[in-house]
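Heads up, the thing below is written out as structure tokens.
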Amino acid sequence: MPEGPSIVILKEAVEALHIKGQNIDYAEGNSNKIDMERLIDKKIIDIRSWGKHFLICFEDFTLRIHFMLFGSYLINEKKKTTPRLTLEIKNHELNFYACSVKILEGPAGKIYDWETDIMAAQWNPEKALKKLKAAPKMFACDALLDQDIFAGSGNIIKNEVLFRIRLHPLSILGEIPEAKLKEMIAETRNYSFDFLEWKKEFTLKKHWLAHTKKICPRCNIPFAKEYLGKSKRRSYYCTNCQIFYDKPVVGKKVSLL
DNA sequence: TCTCATGTTTAGGT
DNA sequence: GACCTAAACATGAG
């Protein structure tokens, strides 16, 4: 569920219910973070998404749902487990499970930087480039998971983008040529929209070239599978065709153990 | 049955 | 304070 494009699918599904302008009739759930009463009788002014956040917008506050690793939702359906949050609006019911639910004070437009959302119309590649340049010691694999740079990018997008642009996950941002950084930014946006399209067709997995794969489709040799970077997330990469931009580490501490 | 994973925050240690 | 690690959350796929 969680990566940015999946949240766009949820947003579109909820938009299709035409509940914008409607009031919340009823709210309940086992989320202990929010006051359900506060939602009741409030008018929904917008349905939005920012990165991996799903947002139901009200005049002066924003309901934020983050699905973490295992979160799920059902529209006009229920599952056996207790929802974190149920919203009833007119004849519709939204159920959210195993997710983080939070009320943010203020309108969504003011809370988020929309230029950072890889799925947003306002996405600003120049701004992303500035952020990459401002972090010369960061690994490429960590940059692609950094929600302040690529809001909505997750581990699948990370692996697929690095493979597409032939970049080794442990490449250091400061050593990567600017043209390659620009490629990384452009391809993150690109792949995210491919992701969206394929996810809608239920063919996302089928289109993976690197993520969870054993063999590099370009070189026909085994992929390396390692937990890399500060984030220590699964990385699948080809040591042959993904270029490693690095520099010798001076004064590296040597463990005597 | 058991392990692992599309994620993030927080608490605690060095 | 910087930096690191583990834990916590909770669920379905393989």
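Just so it is clear: chains get the letters A, B, ... in the order the sequence lines come, proteins before strands, and each one is counted from 1.
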List the atom of [X], the atom of [Y], and the distance in Å for their closest heavy-atom pair.
X	Y	result
A:Phe150	A:Ala143	CD1-O, 3.1 Å
A:Ser31	A:Val101	OG-CB, 3.7 Å
A:Asn155	A:Glu3	N-OE2, 3.2 Å

Discussion item. When you measure from the side-chain N and O atoms of A:Lys52 to the phosphate of B:dT6, is any distance below 4.0 Å, counting only OP1 and OP2?
Written reply: no
Fill in: C:dA7 to B:dC4 separation - P atoms, rounded to the nearest Å
15 Å
Worksheet item: Roughly how far apart, to the nearest Å, are C:dA6 and B:dA5 at atom P?
Response: 16 Å
Atom pair distance, as rounded to whole Å: [atom1] in [X] and [atom2] in [N]:
X	N	atom1	atom2	answer
A:Leu145	B:dT8	CG	P	8 Å
A:Phe150	B:dG7	CZ	P	15 Å
A:His53	B:dT6	NE2	P	18 Å

Worksheet item: From the list C:dG14, B:dT8, B:dA5, which nucleotide is the closest neighbour of the side chain of A:Tyr227?
Response: B:dA5
Worksheet item: Checking all strands, does A:Lys158 fall into the base, sugar-phosphate, or nothing category for heavy-atom contacts under 4.0 angstrom?
Response: nothing
Worksheet item: So what does A:Lys102 hit on the nucleic acid, given a heavy-atom distance under 4.0 Å: a base, only sugar-phosphate, or nothing?
Response: nothing
Worksheet item: Regarding A:Lys52 and A:Ser6, is there a side-chain donor-to-acceptor distance under 3.5 Å anywhere?
Response: no
